[in-house]
2 protein chains.
Amino acid sequence: MAQLFRDHIEAISPLTDDEFGYILSHYTLKKLRKHAFLVQEGDNVRQEYFVLKGCVKAYTTEPESGKDFIFQFAVEDWWITDREAFFSKTPATINIDCLEDSELLGITYDNREKLAAEMPKYEHFLRVKSNWGYVSLQKRIQLMIMASAQERYEKFLSQYPHLVSRIPKAFIASYLGVTRETLSRLK
Amino acid sequence: MAQLFRDHIEAISPLTDDEFGYILSHYTLKKLRKHAFLVQEGDNVRQEYFVLKGCVKAYTTEPESGKDFIFQFAVEDWWITDREAFFSKTPATINIDCLEDSELLGITYDNREKLAAEMPKYEHFLRVKSNWGYVSLQKRIQLMIMASAQERYEKFLSQYPHLVSRIPKAFIASYLGVTRETLSRLK
DNA sequence: AGCCGCATGTGATAAATATCACAAAATCAA
DNA sequence: TTGATTTTGTGATATTTATCACATGCGGCT
């Protein structure tokens, strides 16, 4: 079950069985049903999560209109949390809920820091992961600045073909920054 | 001169004089004139830079139209490089050039890794810096998805008031993902 | 001072995208 | 299965933003 998680870490930092077991012992398994919240605005965000199974969306709700704006999906092999709230221990400003029944591995801030301090390999993993995350967000900003709705959608289709059938189009539209009607008329 | 740099690191990881001196010895000073390139598409990107003085812009050029799309500015106290190229040692895909005569502190990948391995404080600084960078990009994506050109510009004005008079409006428009004409008609 | 480029503003028009309304198709739950 | 909800598509129209064209202003340079 946690093999997915081990492979994920080992793609950056190879581990012995003991090392992986030690890391895993700092995580707790969380199971959620479809529509359940992982994080809700105002929450204390105590954990960062790795998705073992299922699919979640992270979004903010515009108070006036009540409209949701999705800025991240996470399926198997992805990480998710309200990073700002998690790191600065401030109340969550976003919501995360499940599009499917999901299973996640969660780690607390203190355990994360503890592992990073104890295990250079884990720390290295975190740093590399954070760097790649930064790069991918930067690419997404470039796309938002440069590309039309059509081009952004095409990029999404080629980059995440496995998500297209799994996530309702209205949510993908939100992620791309267009209305569902506009998305429906593309391609 | 490098006091700015020291304060910047110490905001996250307090240092002794010796520690700071040791860190600084791994950086080299680079001075560039207005219009000079710090990074050009295709370059090997050997360094990551901290801006001591001046202002630079990072952008990609669309091959067909020749149009530039600016995705980052960096002034005093900011970091800049082509992160993807720097970390994965692939050729640069972006350009960075100077809007003003500028002075930067550069560190090579190897020296960066060496310092991170030798000094937990430096490593901690890098990890925290990377996390905050990630958070700020995420907020920018949220803004691109949720907000109109008018709202994005207002946010820019309130967030970076010191940049408004320093950077030509056409460049700010590019950063916000609108044309210079549209920006000129706002507010 | 006078010239030249860059920066900025603005009008007219076109294109892209949003909004509102409705209906059909697909999916879910009892 | 069946009714209800969710998802998707599409027409008509409004709004936002881009494009093209031109004029003015402003600063640096000789």
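Residues B:Leu38 and B:Asp97 form no side-chain contact, since every pair of their non-hydrogen atoms from C-beta on lies 4.5 Å or further apart.
Residues passing the salt bridge (charged side-chain N to carboxylate O under 4.0 Å, His left out) test with B:Glu154, sequence neighbours excluded: none. Under the rule for a salt bridge (charged side-chain N to carboxylate O under 4.0 Å, His left out), A:Asp43 has no partner lying at least two apart in sequence or in another chain. In terms of the salt bridge (charged side-chain N to carboxylate O under 4.0 Å, His left out) criterion, B:Glu151 has no residue partners (sequence neighbours excluded). Looking at residues two or more places apart in sequence or on another chain, you find a side chain to side chain contact (heavy atoms under 4.5 Å, CB included) between B:Thr61 and B:Tyr59, B:Asp68, B:Asn95. Residues passing the side chain to side chain contact (heavy atoms under 4.5 Å, CB included) test with B:Thr16 are B:Asp18, B:Glu19, sequence neighbours excluded. A:Arg152 pairs by the salt bridge (charged side-chain N to carboxylate O under 4.0 Å, His left out) definition with nothing, not counting sequence neighbours.
When the P atom of C:dC28 is taken as reference, atom CG of A:Asp101 falls 11 Å away, rounded to whole Å. For the pair B:Arg33 CZ and D:dG28 P, the interatomic distance rounds to 14 Å; values are reported in whole Å. Distance B:Lys169 NZ to D:dC26 P: 13 Å, rounded to the nearest Å. Atom CE in A:Met144 sits roughly 13 Å away from atom C1' in C:dT17 (whole-Å rounding). Summarising the geometry, the separation between CD on A:Glu100 and P on C:dC28 is reported as 10 Å, rounded to the nearest angstrom. When rounded to the nearest whole Å, the span between CG of A:Leu99 and C1' of D:dT6 equals 13 Å. In this entry the distance linking CD1 of B:Ile172 with P of C:dG9 reads 11 Å, nearest Å.
A salt bridge links B:Arg127 with A:Glu113; the closest basic N to acidic carboxylate O contact falls under 4.0 Å. Here B:Glu118 pairs with B:Lys114 in a salt bridge; the nearest charged N to carboxylate O distance falls below 4.0 Å.
At least one donor-acceptor pair closer than 3.5 Å links the side chain of B:Ser102 to the backbone N or O of B:Cys55. Here the side chain of B:Ser130 pairs no donor or acceptor atom with the backbone of B:Val128 at under 3.5 angstrom.
DNA chain D is contacted by B:Ser148, B:Ala149 of residues 148-164 of chain B, taking any non-hydrogen atom closer than 4.0 Å. Contacts of residues 177-187 of chain A with DNA chain C (heavy atom under 4.0 Å): A:Gly177, A:Val178, A:Thr179, A:Arg180, A:Glu181, A:Thr182, A:Arg185. Within residues 57-74 of chain B, the residues that place at least one heavy atom under 4.0 Å from DNA chain D are, in residue-number order, B:Lys67.
Note that the two end axes of the helix from C:dA1-D:dT30 to C:dA30-D:dT1 enclose an angle of 50°, each drawn from 5 base pairs, rounded to 10 degrees.
Pairs of residues two or more places apart, or lying in two chains, that qualify as salt bridge (charged side-chain N to carboxylate O under 4.0 Å, His left out) and include a residue from residues 44-55 of chain B are B:Glu48-B:Arg112, B:Glu48-B:Lys129.
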Atom pairs and distances, side-chain donor-acceptor, residues 104-111 of chain A, under 3.5 Å, sequence neighbours left out:
unit_1   : atom_1 : unit_2   : atom_2 : d
A:Thr108 : OG1    : A:Asn111 : N      : 3.1

